[in-house]
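This is the structure I have questions about; it appears just below.
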Amino acid sequence: MVIVLFGKPGAGKGTQAPKIAESLRVPTLATGNVLRSAVKDGTPLGREAKGYMDRGDLVPDSVILGIVREELAKPEYSHGVVLDGVVRTVPQAEGLATMLKSLGRKVDAVVSLEVPDEEIVRRMGTRTVCSTCQTPYSDLPPGAKCPKCGGVVMRRSDDEPEAVRNRLSVFTAQTAPVFDWYKRNGARIAVVDANGTVDDVTQRVLRALGR
Ligand SMILES: [Zn+2]
């Protein structure tokens with residue numbers, strides 16, 4: 001089962017992805033992570049991506065999708081995957097569909113985590129992330145030690161209210177049409193109220209997926 005996890009920045013994708021994946025016994029794949037490892041490992045596409053990043057440019061979709069494709073071709077993804085942050089634009093949705101087709105696969109479901117903007121601004125104000133393993137936390141203050149790896153937990157500068165509102169308006173302009181695209185293209189759409197405890201939201205997602 002290939003699941004695209006969809007939602008505004010701060011809707012809880014990074015928190016829900018591993019929980020949903022664990023329940024479905026499939027791995028997660030976050031674009032940011034595979035991009036970072038490809039750059040670190042110095043793969044041909046990773047080196048290409050680094051070139052764009054070093055110049056301060058956005059890494060083109062074709063390069064990102066190539067990196068995601070290399071990862072998805074690994075056997076551990078053969079039973080399915082929860083894709084986190086892979087699709088942010090309609091061209092990326094189209095690109096992902098074409099790329100999955102080349103692997104004999106398709107997006108089976110799109111899970112949309114729904115949270116009002118004001119709630120996201122509030123959440124981001126308390127969110128921290130491990131500077132080493134990138135695990136997000138809602139309950140650890142900056143400077144705390146990451147329970148997973150011992151790294152230092154930090155506030156990200158792009159989680160400040162101004163930056164969050166800016167990202168939300170970019171989201172509305174750019175990402176909302178992706179949802180419509182999936183509706184038109186027949187993927188199963190699971191719209192989930194993402195207010196509530198982490199476990200409640202996970203359960204709602206699984207119910208919406210028919211699990
Ligand atoms: Zn950590």
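Just so it is clear, the values below take in all heavy atoms, side chains as well, and ignore hydrogens, waters and symmetry mates. As the structure lists them, so they are numbered: ligands from 1, and atoms in each ligand from 1.
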Name all residues meeting the side-chain contact (heavy atoms from CB on, under 4.5 Å) criterion together with Asp41; count only those two or more places apart in sequence or in a different chain, and write none if there are none.
-> Ser37, Thr43
Does a sphere of radius 6.0 Å around CE in Met99 hold more than 12 heavy atoms from other residues, nucleotides or ligands, not counting ones at 6.0 Å or beyond?
-> yes
Assess the side chains of Ser102 and Arg69: does a donor N or O sit below 3.5 Å from an acceptor N or O?
->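 A donor-acceptor contact under 3.5 Å links the two side chains.
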Can you list the residues that meet the salt bridge (Lys or Arg N to Asp or Glu O under 4.0 Å) rule with Lys101, with sequence neighbours excluded?
-> none
Could you tell me how the ring of Phe179 sits relative to the ring of Phe6: parallel (under 30°), tilted (30 to 60°) or perpendicular (over 60°)?
->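 Plane angle under 30°, so parallel.
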Who pairs with Asp57 by side-chain contact (heavy atoms from CB on, under 4.5 Å), at least two apart in sequence or on another chain?
-> Tyr52, Arg55
With the Zn ion (ligand 1) as the centre, enumerate protein N/O/S atoms below 2.8 Å in chain and residue order.
->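 Listed by chain and number, the nearby protein N, O or S atoms are Cys130 SG, Cys133 SG, Cys146 SG, Cys149 SG.
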